[in-house]
Number of protein chains: 2
Amino acid sequence: MEHIRILAVDDHEMIMFGYKYILEDADFCDFKITVDTANSFELGIKKIEESTISYKYDIILLDIQLSITEEGTPHTGEDIGVFARKTVPDSKVVFMSSFSDNYRINNILTTVDPDGYMVKSEINKKTLYDMVHTILKDPPYYSSKALQAIRRKMSSNISIDENDKKIIYHLSIGTKTKDLTNHISLSLAGIENRKRHLKVIFGIEKQNDQALINEAKIRGFI
Amino acid sequence: MEHIRILAVDDHEMIMFGYKYILEDADFCDFKITVDTANSFELGIKKIEESTISYKYDIILLDIQLSITEEGTPHTGEDIGVFARKTVPDSKVVFMSSFSDNYRINNILTTVDPDGYMVKSEINKKTLYDMVHTILKDPPYYSSKALQAIRRKMSSNISIDENDKKIIYHLSIGTKTKDLTNHISLSLAGIENRKRHLKVIFGIEKQNDQALINEAKIRGFI
DNA sequence: ATAAAAACCTTAGAAAAACTAAGGTTTTTA
DNA sequence: TAAAAACCTTAGTTTTTCTAAGGTTTTTAT
């Protein structure tokens, strides 16, 4: 009988143990599952490193937000995902995250290209089993809210460059237009021109910045 | 008990009747299904039009390739999809197509934004039931190969403009570089410059046109 | 209600990017 | 092996984007 090894990384122990017991208890006909757990970025990295010289994990389940355990640059599950992609390319990476906004989902799919993404509110016994089964047999696996974010992105024909993304992002956190020159290497007039153009392509000419932010959110740009 | 109405449009009768009998025979606990069929573009359009003044279809299953039955501009299932989107926006549109190439899948998802896409080689009793269930409860539904095409597109950060797409497309059907000026409003030098730039961003400098075509195919650009 | 600040808009000019033309070299095809 | 096609480089042109500045309109703060 095939033996499937899974690593679950989440800073909430109860969540990890939930995955562990549900998956280890599962009555998969043709394989047996063991689940290792790690409750911090550092421990997650360590277990992945150790797996390179012993049995590699078949699946690595990653939360995105991990609490900071030590001083230094804060790290996320995304950083673990990137690390795993390089270090153990045959291990399947699946994000299990409470983030369900279009931007976060689409951004992770672009930067890490994980084998799966599940929004936490959609994780239950059945979807967990479905995920493991699909990931092993025929990846990728995306839960429903992830699919909805993907669909929104796929159906949008608009693409914007890094400067435009920065403009929208900073506006969305409250920065005034005149202060955007501190964050973006363009003149105020250049920024104003781009704002005007973004409003045209989003179909909201003559509307305010909040409308711009809303349209960008809908499309997954922030 | 809820009554679910489905329209299946395919120019192969056996396929339509396959869907019809499998779905009408299904033992869905909480609803009953009837499946109408149409074996041509014209008949499909007619049935959708009729549905606007009677019961609208809950789900419309569309093949993409439909044989030409009459003189005139050939139409595809995609055209029916666009028509349905406008005419009966509450009806869910699902493509059931033999096309499994990245370009075709991604292109349909952008231009029609269907509620689902299934590659024909992945359609069986179980996946058909899963599709109907998901489409009714929590769309979208994409079959495995469609998800793989989507994943490939999502993870690629490259975007190219319409001129570049035309260059790659025409090269892929055998047009020589010097003849591209007949199809694209640029000088030969302009086209050569763009080819050189495309090869840089696809990471295939100094390689031939076939390499460029291959990289574009992988990324779903053609 | 009013003044100040911010945003928007327009015009003119500058800078950067993309394009064109042409010709030489290299590679591919017949 | 010759011809055709593709690639590369240089110089100049055209197009696009940016900047600067100032005026008008809208929003915010008092």
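We use all heavy atoms of the structure for the numbers below, so side chains are in, but hydrogens, waters and symmetry mates are not. Because the structure is a prediction, the values reported are computed rather than measured.
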d([atom1], [X]; [atom2], [N]) in whole Å:
{"X": "A:Glu192", "N": "C:dA6", "atom1": "CD", "atom2": "P", "result": "13 Å"}
{"X": "A:Ile184", "N": "D:dC18", "atom1": "CD1", "atom2": "P", "result": "11 Å"}
{"X": "B:Leu198", "N": "D:dC7", "atom1": "CG", "atom2": "C1'", "result": "15 Å"}
{"X": "A:Gln207", "N": "D:dT26", "atom1": "CD", "atom2": "C1'", "result": "15 Å"}
{"X": "B:Asn163", "N": "C:dA17", "atom1": "CG", "atom2": "P", "result": "19 Å"}
{"X": "B:Leu212", "N": "D:dA6", "atom1": "CG", "atom2": "P", "result": "13 Å"}
{"X": "A:Ile191", "N": "D:dT17", "atom1": "CD1", "atom2": "P", "result": "16 Å"}
{"X": "A:Leu188", "N": "C:dA5", "atom1": "CG", "atom2": "P", "result": "16 Å"}

Next on the checklist: Categorize A:Arg196 for me: base, sugar-phosphate, or nothing, with a 4.0 angstrom heavy-atom threshold over every strand shown.
Outcome noted: base
Checklist entry - How would you label the contact of A:Leu186 with the nucleic acid (heavy atoms, under 4.0 Å): base, sugar-phosphate, or nothing? => result sugar-phosphate
Checklist entry - Is the B:Phe95 ring parallel, tilted or perpendicular to the B:Tyr117 ring (thresholds 30°, 60°)? => result tilted
Checklist entry - Just how far is it from atom CD of B:Gln65 to atom NE2 of B:His12, taken to the nearest 0.5 Å? => result 8.5 Å
Checklist entry - Do other residues, nucleotides or ligands put more than 12 heavy atoms under 6.0 Å from B:Tyr169 OH? => result no
Could you please name the option among [options] that lies closest to any side-chain atom of [X]?
{"X": "A:Lys176", "options": "D:dA5, C:dA7, D:dC8", "result": "C:dA7"}
{"X": "B:Lys195", "options": "D:dA6, D:dA21, C:dA7", "result": "D:dA6"}
{"X": "A:Asn193", "options": "D:dT19, C:dA18, D:dA6", "result": "D:dT19"}
{"X": "B:Lys178", "options": "C:dA21, D:dA6, D:dC18", "result": "D:dA6"}

Nucleotide paired to [N] in any strand shown, Watson-Crick or G-U, under 3.5 Å:
{"N": "C:dA1", "value": "D:dT30"}
{"N": "C:dT27", "value": "D:dA4"}
{"N": "C:dA22", "value": "D:dT9"}

Checklist entry - Would you say the side chains of A:Thr127 and A:Asn124 form a donor-acceptor pair under 3.5 Å? => result yes
Checklist entry - Do A:Arg196 and A:Asn193 get their side chains close enough for a donor-acceptor pair, meaning under 3.5 Å? => result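 Result is yes, a qualifying pair exists.
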Next on the checklist: Go nucleotide by nucleotide along DNA chain D from the 5' end; which of B:Thr177 and A:Ser187 gets its closest nucleotide reached first?
Outcome noted: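 Going by which nucleotide is closer to the 5' end, it is B:Thr177.
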Checklist outcome for this item: Assign each of B:Asn208 and A:Lys199 the nucleotide of DNA chain C bearing its closest heavy atom; nearer the 5' end lies the nucleotide of A:Lys199
